[in-house]
Asks: 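My questions all concern the structure below.
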2 protein chains.
Amino acid sequence: MDIRQIRYFVAVAEERNIGRAAKRLFISQPPLSRQIQQLEDELQVKLFERTAKGVELTSAGQLFLNESRNILSLIEQAQERTQRAGKGQLGRLDVAIFGSGILNTIPDILKRFKTAYPGVNIVLHQMSKAEQIEALRQKRISVGFNRLLAPLPDIDSTMILQDKLMVAVRDDHPLATKPLINLKELDNEPIVVFPKGARPNFVDLVSRVFQEAGVTMDITQTVIDAVTGIALVSGGFGFCLIPSSASVLQLPGVKYIPLGGLPDNATVDLSCIYLKDDHSPLLSAFLAVVHEYKSQLNHHTSFSAARE
Amino acid sequence: MDIRQIRYFVAVAEERNIGRAAKRLFISQPPLSRQIQQLEDELQVKLFERTAKGVELTSAGQLFLNESRNILSLIEQAQERTQRAGKGQLGRLDVAIFGSGILNTIPDILKRFKTAYPGVNIVLHQMSKAEQIEALRQKRISVGFNRLLAPLPDIDSTMILQDKLMVAVRDDHPLATKPLINLKELDNEPIVVFPKGARPNFVDLVSRVFQEAGVTMDITQTVIDAVTGIALVSGGFGFCLIPSSASVLQLPGVKYIPLGGLPDNATVDLSCIYLKDDHSPLLSAFLAVVHEYKSQLNHHTSFSAARE
DNA sequence: CTTGATAATACCTTAAAGGTATAAATCAGG
DNA sequence: CCTGATTTATACCTTTAAGGTATTATCAAG
């Protein structure tokens, strides 16, 4: 049996006439007669009664007509869905996120992607940097968001933004009134840092900056993530250095002040990572959304800078 | 797209290797590679990633694999169901019955058919003789049960049995004690006859028998069917002549006594009728059951006759 | 760098789908 | 009852495309 024969059968059943059906199918009448005969031979069932005016369905033919329509429509659906999957419009995308990264940028990107590709089911996984890399290699995830990545041979990354450093202070602290805090002003001040876990991380960046500026860093606590760090500031444990994008988080008695007197490379990047040889349309689609987001971010930045 | 290509695709997806799949399909590797390529071209979707060890499904390919399995199973089901329909094991059979015919023979036949062809949905219609013939011609029914049929050019019939005549009498009537009533004993006695409706019918047979025997028939009532007729006997309206198969019906105060002194042709047949050019397997199957029933009936009759 | 395995390409053979011409069957109208 | 129109079926040829063989290209492992 053959899809062609099924289509032919449906045409003949609908026209109740082989000649007319042949015209509709843009073939001549004899081959169509023959295909119907072959179908009947294969099924060993008479599908049509031949009359003087044409043909009419037997009861078995009637049943087969219903089935045929189901088959054809299922095939059509399969083609359409597969093509959509091929364009990345359908499927499942496993995305890894990490602690403070979910504060603003990642939700924005995911929201855009969901709008552009509503047929894609996004599944989020909380994973550390090392876990993300292992999960990528095992194909348990397709994309991961992270910061401060060391280059790897099998993994590509796209930088989304670079955060400047900011200081979280209690608003009753003397420095809290200043519009800008210089790094030197934090000399020997108690500082909460994060995260614990795989190196290089945000702590390493902060340490390097302090060291290069010749400022002594008094680490009172090392905590798991930015949220905990800022909570400790609120609790009076001292200062906390954060990437500027974490400053969307509001906690009682905590103020965020830009940090000055830093080298240009004192930034912490947010990137998304993915397997170098993953050419899946879903990933491509996702990266396209990321790039679009990035370019709009730059536009906006340069535009507001121009106005200043 | 082609069912062959779908089968090939599934084989390759399952083997994760074109060469192995080719062996399983009893073809050589190059044509299989080409068919997969053609499928991908047609769908404009990459279904496999080619690796050194074979191939592996893309996410679109994974989706198409699911769809393909659905399609193949639907096709298989369609073939099977159509073949069953072709053998008369599946479908719907519309059967017309009439008043007194449903008393014993028809239910027996229908029960046998339902047991032998449980997949067939039997739909019963109460119809008079004329209605049955019209419904047959319009294909609203496929079989009808009836009595005393005049031959028609487009309708065939199979006789199922021939009922002898019996008399229904009140049990307080003087004749009720006799084992056999002679026709002559009914001379000028009040008689209830049935049915009203299309001729020739049971009344005509009864009239002819009386006339040939030179017995005067005093018709007090003409009613619609045997049940009503017997009910009137119970109510004291007189005698009622019935086909013997109607004697299964028990009413208070009514006794059935065989009628003697009749010619051999004083019988009323029960037949089933159907369109001469209806070659549907459902009808054939039904008629086969009818014939089987008939032959068992004859066996039983001749056997019990031999014992007497 | 070679070897072994895999898929892809080139080219040929063969099976089967489609076309043309024509026959056989059936019905309507004279 | 015949004739013409209409329909499906048959016979035979052409063309398309599926399958086969030989070979090449690619890549991972030794």
Asks: Can you pull out every salt bridge (charged side-chain N to carboxylate O under 4.0 Å, His left out) where at least one residue sits in residues 69-82 of chain B? Sequence neighbours excluded, please.
Replies: A/Glu67-B/Arg81, B/Glu14-B/Arg69

Asks: What is the separation between atom CG on B/Asp2 and atom P on D/dA17, rounded to the nearest whole Å?
Replies: 12 Å

Asks: Apply side chain to side chain contact (heavy atoms under 4.5 Å, CB included) to B/Lys139 and list each qualifying residue two or more places apart in sequence or on a separate chain.
Replies: A/Glu56, B/Leu275

Asks: Can you list the residues that meet the side chain to side chain donor-acceptor pair (under 3.5 Å) rule with A/Gln162, with sequence neighbours excluded?
Replies: none

Asks: I need the CD-P distance between A/Glu56 and D/dT8, as an integer number of Å.
Replies: 12 Å

Asks: For A/Asp277 and D/dC27, what is the distance between atoms CG and C1' respectively, to the nearest whole Å?
Replies: 14 Å

Asks: For B/Lys23 and D/dG19, what is the distance between atoms NZ and C1' respectively, to the nearest whole Å?
Replies: 17 Å

Asks: For nucleotides 6-16 of chain C, read 5' to 3', which letter fits each nucleotide if B means a protein heavy atom sits under 4.0 Å from the base, S means only the sugar-phosphate is that close, and - means neither?
Replies: SBBB-------

Asks: Expressed as a whole number of angstroms, how long is the span from A/Ile36:CD1 to C/dG18:P?
Replies: 11 Å

Asks: With a 4.0 Å cut-off on heavy atoms, is A/Phe48 in touch with a base, just the backbone sugar-phosphate, or nothing at all?
Replies: nothing

Asks: Where is the tightest heavy-atom contact between B/Phe9 and B/Ser68, given as atom of each residue plus distance?
Replies: CD2-OG, 3.7 Å

Asks: Over how many whole Å does the gap from B/Glu15 atom CD to C/dA5 atom P extend?
Replies: 17 Å

Asks: In whole Å, I'd like the distance from the CG atom of A/Leu32 to the P atom of D/dT10.
Replies: 14 Å

Asks: Could you pull out all residues at least two apart from B/Arg7 that satisfy side chain to side chain donor-acceptor pair (under 3.5 Å)?
Replies: none

Asks: Using whole Å, report how far CD1 of B/Ile27 lies from C1' of D/dT21.
Replies: 14 Å

Asks: Excluding sequence neighbours, so at least two apart, what forms side chain to side chain contact (heavy atoms under 4.5 Å, CB included) with A/Asp41?
Replies: none

